[in-house]
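To start, the structure itself, in structure tokens.
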Amino acid sequence: MRTLLLAIRTENAKLFRSYVLWGTLVFFLFVTGIRVGEGDWATYLKNVVFMFASVFGIVGFGAVAGWTFGREYADRTIKDLLALPVSRGKIVAAKSLSAIIGCLMIVLITFTFALLLGFILGMPGFSMEVMLQQLLQLLIISGLHLLLCGPVVGIACLSRGYLAAMAFAFCTLMVALITGPTPLGTYLPWSIPALQLAQSAGGEVFPLAAASYLIPIVIGLAGYIGTWTWWRWADQK
């Protein structure tokens, strides 16, 4: 456990010193600032959460997760990393947890920033119930997208860099936007977070069918387990 914690701290140091994490956060804050003042609090917060359900979650989280793994190949530090007296499984776990921590930090800072802007501009219709409902949906949607980062990190390792992983994230965004409104969207992993938000308008926390939640879990676990397997195979080479 001590080795894992040390590995997580090291990966956090790498991520929090990178331009990718802070550039993503600045972009999120900028777009959030543009959307402020749209209707009342309920409309405004729903718009903020929707951005995480689509572009922010798919591309933003994908960029952070893909860079966390892909940078080792791009910077040619993978051999040095594999030479460390740390199990490959712990390295993969540390990188995954570091990416999750970074993305959740972005989520909470962006939501807090949105609240501050709303209060400063005096937007009408604030309700604690609405705020908590949207925050809950934001956390659920973020969890789904973090699961879907599994294939992204796997592609980053297979391609030995982060560009292919980011390209994959953009492609899944396009597919989600096209197929999301169709019946197929219910079963497309990258459309499910947006459908979660759209169908929760009635107040239901989990409005989708059980299969819609199972799909991201299966896809995400397959990606993370595949990444762990790849690291073991790459080490043997």
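Computation of the quantities below employed the complete heavy-atom set of this structure, encompassing side-chain atoms and omitting hydrogens, waters and symmetry-equivalent molecules.
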ring-ring contact (aromatic ring centres under 6.0 Å, His included) partners for Phe61, two or more places apart: none
Going by the rule ring-ring contact (aromatic ring centres under 6.0 Å, His included), which residues pair with Phe69 if we only count those two or more places apart in sequence or in a different chain? none
Return each pair, listed once, that meets side chain to side chain donor-acceptor pair (under 3.5 Å) where at least one residue sits in [range]; pairs must be two or more places apart or across chains.
| range | value |
| --- | --- |
| residues 98-110 | Asn12-Ser98 |
| residues 205-216 | Gln196-Tyr213 |
| residues 44-64 | Glu38-Asn47 |

Residue pairs fulfilling salt bridge (Lys or Arg N to Asp or Glu O under 4.0 Å) with at least one residue in residues 175-190, sequence neighbours excluded: none
Sequence-distant partners of Ile219, side-chain contact (heavy atoms from CB on, under 4.5 Å), two or more places apart: Leu148, Pro151, Pro189, Ile215
side-chain contact (heavy atoms from CB on, under 4.5 Å) involving Thr182 - partner list, sequence neighbours excluded: Thr179, Leu184
Quick check against the 3.5 Å criterion: does His145 have a side-chain atom that pairs as donor or acceptor with the backbone of Phe52? yes
Taking salt bridge (Lys or Arg N to Asp or Glu O under 4.0 Å) as the definition, give me every residue that meets it alongside Asp75, ordered by chain and number, with sequence neighbours left out. Arg71
Test of understanding: with side-chain hydrogen bond (donor to acceptor under 3.5 Å, both in side chains), list the residues that count as partners of Glu11, not counting sequence neighbours. Lys14, Lys95
Once ring-ring contact (aromatic ring centres under 6.0 Å, His included) is applied, what residue pairs with a partner in residues 178-201 remain, sequence neighbours excluded? Phe168-Trp190
Please list all pairs meeting ring-ring contact (aromatic ring centres under 6.0 Å, His included) that have one or both residues in residues 77-114, counting only residues at least two apart or in different chains. none
Can you confirm whether Leu15 sits close enough to Val64 that some side-chain heavy atom of one is under 4.5 Å from a side-chain heavy atom of the other? yes
